[in-house]
Amino acid sequence: MEIITENNREKQIWGEMPATLSEKAFRRLSELIHRECGIKMPAPKKIMLEARLRKRLRELGIKSFDAYCKYLFSPKGLEMS
């Protein structure tokens, strides 16, 4: 019998999501946000950015933050942004 915890319940609903955003990916995304929007994303904002990106990853069916960066910085991803 499986014990359903809040974490397990979340995995059942959303599927397996990446634990954290790599430093390299965070740097690339924060530079893009600053360049395009003028918003600075210092290191303490990393957790907030992860939380906001999780919904976008689910919508696109992308399984990791690194895969999202690869998509976003591709010609197709930049075109869609």
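- For E23, the side-chain hydrogen bond (donor to acceptor under 3.5 Å, both in side chains) partners are K46, not counting sequence neighbours.
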Handout entry: Criterion side chain to side chain contact (heavy atoms under 4.5 Å, CB included) on C69 and L29, from CA distance to verdict
Key = CA-CA 8 Å; C69 282; L29 291 167; 3.8 Å; yes
Please list, one pair per line, the donor and acceptor atoms closer than 3.5 Å that link side chains of residues 31-43 to other protein atoms, with sequence neighbours excluded.
none

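- Legend: residues meeting side-chain hydrogen bond (donor to acceptor under 3.5 Å, both in side chains) with S74, ordered by chain and number and at least two apart, are absent.
- With hydrogens and angles disregarded, a donor-acceptor distance shorter than 3.5 Å links the side chain of E50 to the backbone of L21.
- Partners of L60 by side-chain contact (heavy atoms from CB on, under 4.5 Å), not counting sequence neighbours, listed by chain and number: R56, I62, Y68, Y71.
- Taking both residues in full, the closest heavy atoms of S22 and D66 are given as OG-OD1, 3.2 Å, listed atom of the first, atom of the second, then distance.
- Smallest separation of non-hydrogen atoms from K45 and F26: C-CE1, 4.3 Å.
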